[in-house]
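The model shown is predicted, which means the values in this text are computed figures rather than measured ones.
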Amino acid sequence: MSGLPGGFWWLWLSTLVNRTGAFVLTFLSLFLTQELGFSGWYAGLVVALHGLGGIAGSPLGGMLSDRWGRRPTMVTGHLAAAACAASLAVVTSPWAVAAVVLLMGVAMQSVRPAIGATIADQVPEHDRRRAYALNYWALNLGFAIAATGGGAALFLGYRTLFLVEAVATALCAVIVFVRLPETRPEAPVNADGERSAAPRLTTMDVLRDGPFRTLVLLSLLVCTVFSTPWVGLPLTMTSTGLAPESYGVVIAVNGVVIVVFQLLVNRITEGRSTIGLLVVSALLFALGTGATALADTPLLFAATVVVWTIGEMVYIPVNAAATARLAPVHARGRYQGVMGMAWSVGGFVAPVTAGWVVEGPGPDVLWLGCAAVAVLAAVGYVVLLRRSLGGDDAAGGAEGTKAAVAAPAAGGAGAGAAVAVGKAGSGGGAAAGRVGGGGDGRGEPSDGVATASEGPAATAVSAG
């Protein structure tokens with residue numbers, strides 16, 4: 001784990017501290033139904049509102065991290081999330097609870113694009129995949145500690161646990177503020193010795209980047225499949241006559257496998273093709289979810305969880321590093337934010353769809369449908385992104401990212417600001433694009449932001 005900059009390890013520590021106190025989402029449904037006496041329907045709606053807040057929070061955080069800075073975005077988001085967690089220990093009305101959880105979703109998700117952009121700023125391209133994997137490992141390690149410790153500490157009460165999360169999240173903000181430097185790249189100096197203003201991109205501008213747009217759509221498919229077991233699996237297991245507590249044991253396998261084997265998976269996948277790893281991870285999701293239709297014992301269900309968890313361990317860091325490589329330097333936060341939004345949408349759609357399919361057509365239809373969607377994503381990576389993502393990663397990392405922001409062209413309203421972005425692409429060729437028109441990095445016309453080749457993202461985050 002050597003070779004990464006010191007700033008990364010402070011960010012890693014802040015992630016671990018933040019997730020070690022993550023009690024709200026773990027126990028929110030139980031708190032709403034058992035302590036406040038709300039219905040299960042209301043509890044599900046409130047959890048969905050948290051995801052809805054994340055859909056708004058991702059692009060907001062991406063925009064703020066590019067305009068305002070990585071560190072102030074993280075500090076503000078963490079403090080806002082801490083305030084929301086503390087508020088849940090006090091509020092009791094259904095409208096107040098729903099509003100606080102919605103805002104908490106916005107705050108928590110707004111931090112993640114800034115984290116992804118900070119890693120891309122600090123870590124050389126050839127080490128980014130490893131850095132994202134280590135950060136994801138810290139997230140899962142912290143969550144495992146929170147789930148175990150929270151279960152043991154329930155005698156203190158849900159409200160006390162929510163206050164503990166508020167303190168842990170505030171401590172995370174302190175670590176970022178005190179120890180983490182601002183990493184947002186400064187605009188280049190033009191011929192007159194003045195810093196050129198980077199063009200301000202909207203979410204729609206980012207989505208005009210053809211390869212990245214395709215990557216986001218395929219990631220949405222994968223994320224929807226990945227999010228389905230968290231709702232569909234307990235429903236399926238109870239429908240087969242298994243006790244509800246058996247689901248807790250089976251899903252715990254996911255966290256155990258990640259904590260124990262993530263570092264090994266990092267070593268195995270290091271230096272391998274981005275497109276190949278994306279395809280393999282999608283097929284592992286297909287195999288794991290599809291095989292769930294055949295399972296009828298806790299052991300077999302646990303085996304399917306192991307399969308799609310391996311896909312998760314491969315996919316998350318590759319996806320995050322790929323997004324960082326695709327993004328122009330001045331728009332890393334926005335790219336991470338758009339990818340995070342795709343994860344939030346998938347996490348919002350999957351629970352609703354899973355519940356409807358299990359109660360309607362049946363569990364087998366749900367799992368075979370997930371397998372089909374994951375296979376479709378794998379085919380999409382090969383057919384649609386092979387040219388964009390098929391280059392050698394080691395070569396791409398050695399070349400690094402080269403970006404230059406050109407001064408606005410002379411002329412009138414139609415001139416605008418031009419941004420040239422170059423990267424090592426397939427076969428070592430340079431890929432270049434221009435905001436507002438030009439090539440898409442592969443020698444083909446594009447109507448929007450175009451960048452060089454890489455792959456999908458996460459967030460981290462996200463999935464956490």
Item to check | Gap between atom CG of L207 and atom CZ of R334 - 0.5 Å precision | outcome: 13.0 Å
Next on the checklist: If you define the side chain from C-beta out and look only at heavy atoms, does anything of L139 sit under 4.5 Å from N135?
Outcome noted: no
Checklist entry - So, the side chain of R130 versus the backbone of H126: is there a donor-acceptor pair under 3.5 Å, distance only? => result no
Next on the checklist: Side chains of L163 and V167, heavy atoms from C-beta outward: is any pair under 4.5 Å?
Outcome noted: no
Checklist entry - After noting the C-alpha distance and the side-chain angles of D66 and H330, does the key distance pass the side chain to side chain contact (heavy atoms under 4.5 Å, CB included) rule? => result CA-CA 7 Å; D66 283 338; H330 68 277; over 6 Å; no
Next on the checklist: Working note: L264 + F261, criterion side chain to side chain contact (heavy atoms under 4.5 Å, CB included); need CA distance, chi angles, decisive distance, verdict.
Outcome noted: CA-CA 5 Å; L264 175 62; F261 294 108; 4.1 Å; yes
Item to check | Check: Y136 main-chain N/O paired with N140 side-chain donor or acceptor under 3.5 Å | outcome: yes
Checklist entry - Between Y315 and F285, what is the ring plane arrangement, given parallel below 30°, perpendicular above 60°, and tilted in between? => result perpendicular
Checklist entry - Just by distance, do the side chain of R19 and the backbone of G142 share a donor-acceptor pair under 3.5 Å? => result no
Under 3.5 Å donor-acceptor pairs involving side-chain atoms of residues 51-65, not counting sequence neighbours:
| unit_1 | atom_1 | unit_2 | atom_2 | d |
| --- | --- | --- | --- | --- |
| S58 | OG | G54 | O | 3.3 |
| S58 | OG | Q109 | NE2 | 3.2 |
| S65 | OG | G61 | O | 3.2 |
| S65 | OG | G62 | O | 2.9 |

Checklist entry - Which heavy atom of R184 sits nearest a heavy atom of W68, and at what distance? => result NH1-N, 3.6 Å
Item to check | L385 side chain reached by L215 side chain, heavy atoms, under 4.5 Å | outcome: yes
Checklist entry - Between R129 (side chain) and P317 (backbone), is there a donor-acceptor pair under 3.5 Å? => result no
Checklist entry - Is the closest side-chain heavy-atom distance between V256 and V260 below 4.5 Å? => result yes
Checklist entry - Can a cation-pi geometry be assigned to R386 and Y381, taking NZ or CZ under 6.0 Å from the six-membered ring centre and within 45° of the ring axis? => result no
Item to check | Nearest heavy atoms of A81 and T169, plus distance in Å | outcome: CB-CG2, 4.1 Å
Checklist entry - Taking all non-hydrogen atoms of both residues, which atom of C172 and which atom of V17 are closest, and how far apart? => result N-CG1, 4.4 Å
Item to check | Sidechain-backbone polar pair: W137 side chain, V259 backbone, donor-acceptor under 3.5 Å | outcome: yes
Next on the checklist: So which atom in G288 and which in T292 form the shortest heavy-atom distance, rounded to 0.1 Å?
Outcome noted: O-OG1, 3.0 Å
Checklist entry - Which heavy atom in T289 sits nearest to a heavy atom in C370, and how many Å separate them? => result OG1-CB, 3.7 Å
Next on the checklist: For a quick check under 3.5 Å, do T236 and W367 share a side-chain donor-acceptor pair by atom type?
Outcome noted: yes
Checklist entry - Do T118 and M74 have side chains that get closer than 4.5 Å, going by heavy atoms? => result yes
Next on the checklist: Is there a side-chain contact between T33 and F38 in this structure, where contact means two heavy atoms from C-beta onward sitting under 4.5 Å apart?
Outcome noted: no
Checklist entry - Could you walk me through whether F212 and M339 pass the side chain to side chain contact (heavy atoms under 4.5 Å, CB included) check? => result CA-CA 9 Å; F212 182 70; M339 186 59 74; 3.9 Å; yes
Checklist entry - Side chains of E182 and P72: does their closest heavy-atom pair fall under 4.5 Å? => result yes
Checklist entry - Counting N and O atoms only, with roles assigned by atom type, does the side chain of T76 sit under 3.5 Å from a partner on the main chain of T73, one being a donor and the other an acceptor? => result no
Checklist entry - Do we see a donor-acceptor contact under 3.5 Å between the side chains of N266 and E270? => result no
Checklist entry - Relative to the ring of F226, is the ring of W308 parallel (under 30°), tilted (30 to 60°) or perpendicular (over 60°)? => result perpendicular
Checklist outcome for this item: In short, side chain to side chain donor-acceptor pair (under 3.5 Å) pairs touching residues 42-51 with sequence neighbours left out are none
Checklist outcome for this item: When rounded to the nearest 0.5 Å, the distance separating CG of L134 from CG of L4 is 6.5 Å
Checklist entry - What are the two closest non-hydrogen atoms of S29 and V47, and how far apart are they? => result OG-CG2, 3.7 Å
Checklist outcome for this item: Here the gap from L45 atom CG to S39 atom OG, rounded to the nearest 0.5 Å, amounts to 9.0 Å
Checklist entry - Does the E165 side chain pair with the main chain of A85, one donor and one acceptor, at a distance under 3.5 Å? => result no
Checklist entry - Any chance OH of Y247 has more than 12 other-residue heavy atoms, nucleotides or ligands included, within less than 6.0 Å? => result yes
Checklist entry - Under the 3.5 angstrom rule, does the side chain of T353 hit a backbone N or O of A350 as a donor-acceptor pair? => result no
Checklist entry - Are F162 and F23 close enough that their ring centers fall under 6.0 Å? => result no
Item to check | Spatial distance of atom CG (L284) from atom CE (M313) [nearest 0.5 Å] | outcome: 9.5 Å
Next on the checklist: Quick one, V306 with V253, criterion side chain to side chain contact (heavy atoms under 4.5 Å, CB included). Give me CA distance, side-chain angles, the key distance, then yes/no.
Outcome noted: CA-CA 7 Å; V306 170; V253 171; 3.6 Å; yes
Checklist entry - Can you find a pair of side-chain heavy atoms, one from Y335 and one from V338, that are under 4.5 Å apart? => result no
Checklist entry - In terms of side-chain geometry, is the basic nitrogen of D121 or R332 positioned less than 4.0 Å from the acidic oxygen of its partner? => result yes
Next on the checklist: So, applying side chain to side chain contact (heavy atoms under 4.5 Å, CB included) with S14, which one of V174, V176, I115, L180 is it?
Outcome noted: V176
Next on the checklist: So, taking the atom named CG in L218 and the one named CG in L376, what distance separates them when rounded to the nearest 0.5 Å?
Outcome noted: 7.5 Å
Item to check | Approximate separation, where rounding is to 0.5 Å, of I268 CD1 and L263 CG | outcome: 11.5 Å
Checklist entry - Between the side chain of N254 and the main-chain N/O of T309, is any donor-acceptor distance below 3.5 Å? => result no
Checklist entry - Quick check: does any side chain N or O of S227 sit under 3.5 Å from a backbone N or O of T224, one acting as donor and the other as acceptor? => result no
Item to check | Atom CH2 of W230 with >12 non-hydrogen neighbours under 6.0 angstrom | outcome: yes
